[in-house]
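Everything numeric here is computed off the predicted structure, so don't read it as measured data.
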Amino acid sequence: MHFPKSSNDNPRWVLSDLPNVNLEALEFRHFRQGIQRANVYLDPATSASTAFLRYQPGATVPLHRHIGYEHIWVLSGSQADDDGVYPTGSVLIHGPGSQHRVWSDEGCLVLAIWERGVEFI
């Protein structure tokens, strides 16, 4: 995984060798109870961001609404929401206005891409 800049100095991130990401190279920090987050980028002006989220078994995210699109790629383990359970390799896309709770019974690692932030309900 590397994060080079393009020749015109516009931000550009390249995530390589997914799903075999080297977790040791990531700087995980507390995000929510039982969930750690390693940012790839975060734009404070728009709340657009990409991050790896590592869920401990039993970790949950309360009901929330998406302001923009959310893309989730389950890299290991499984993640669940109100509509089902999604094993390794699943890609989920939630549109603006969608809402759900999220949890992982067994624990998981996901790559999350948010167009904008979320509102907790």
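- Checking side-chain atoms of Asp43 against main-chain N and O of Ala45 turns up a donor-acceptor pair under 3.5 Å.
- Annotation: the span from Leu92 atom CG to Ser98 atom OG amounts to 10.5 Å, rounded to 0.5 Å.
- Side-chain contact check for Tyr55 versus Val102: some heavy-atom pair is nearer than 4.5 Å.
- One hydrophobic cluster holds both Leu109 and Val40 under the rule that ILVMFWY side chains link at heavy-atom gaps under 4.5 Å.
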Return a table of donor-acceptor pairs under 3.5 angstrom between the side chains of residues 80-87 and protein atoms on other chains or two or more places apart.
{"from": "Asp81", "atom 1": "OD1", "to": "Asp83", "atom 2": "N", "distance (Å)": "2.8"}
{"from": "Asp81", "atom 1": "OD1", "to": "Gly84", "atom 2": "N", "distance (Å)": "3.3"}
{"from": "Asp81", "atom 1": "OD1", "to": "Tyr86", "atom 2": "OH", "distance (Å)": "2.9"}
{"from": "Asp81", "atom 1": "OD2", "to": "His100", "atom 2": "ND1", "distance (Å)": "3.3"}
{"from": "Asp82", "atom 1": "OD1", "to": "Arg101", "atom 2": "NE", "distance (Å)": "3.0"}
{"from": "Asp82", "atom 1": "OD1", "to": "Arg101", "atom 2": "NH2", "distance (Å)": "2.8"}
{"from": "Asp82", "atom 1": "OD2", "to": "Arg101", "atom 2": "N", "distance (Å)": "3.0"}
{"from": "Tyr86", "atom 1": "OH", "to": "Gly84", "atom 2": "N", "distance (Å)": "3.4"}

Please output the side-chain donor-acceptor pairs of residues 113-121 that fall under 3.5 Å, not counting sequence neighbours, one pair per line with the distance.
{"from": "Trp114", "atom 1": "NE1", "to": "Glu70", "atom 2": "OE2", "distance (Å)": "3.0"}
{"from": "Glu115", "atom 1": "OE1", "to": "Tyr69", "atom 2": "N", "distance (Å)": "2.8"}
{"from": "Glu119", "atom 1": "OE1", "to": "Arg65", "atom 2": "NH1", "distance (Å)": "3.0"}

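- Remark: Arg37 fails to qualify as a cation-pi partner of Phe28 under the 6.0 Å distance and 45° angle criteria applied to the six-membered ring.
- Under the rule for a salt bridge (Lys or Arg N to Asp or Glu O under 4.0 Å), Arg32 has no partner lying at least two apart in sequence or in another chain.
- Every pair tested for salt bridge (charged side-chain N to carboxylate O under 4.0 Å, His left out) that includes a residue from residues 84-99 fails, sequence neighbours excluded, so the list is empty.
- A donor-acceptor distance shorter than 3.5 angstrom exists from the side chain of Ser104 to the backbone of Ser78, with no hydrogens or angles considered.
- Annotation: ring-ring contact (aromatic ring centres under 6.0 Å, His included) contacts of His71 (sequence neighbours excluded): none.
- Taking 4.5 Å as the limit, every side-chain heavy atom of Leu111 sits out of range of all side-chain heavy atoms of Ile72.
- Partners of Glu27 under the salt bridge (Lys or Arg N to Asp or Glu O under 4.0 Å) rule, at least two apart in sequence or in another chain, are Arg29.
- Under a 3.5 Å cut-off, the side chain of Thr88 and the backbone N or O of Gly77 do form a donor-acceptor pair.
- In this structure, Val74 is a member of the same hydrophobic cluster as Val61, with clusters built from ILVMFWY side-chain heavy atoms closer than 4.5 Å.
- Hydrophobic cluster membership is shared by Leu26 and Leu75, with clusters built from Ile, Leu, Val, Met, Phe, Trp and Tyr side chains linked at under 4.5 angstrom.
- The closest side-chain heavy-atom distance from Val110 to Trp73 is not below 4.5 Å.
- With a 4.5 Å cut-off on side-chain heavy atoms, Pro96 and His66 do not count as touching.
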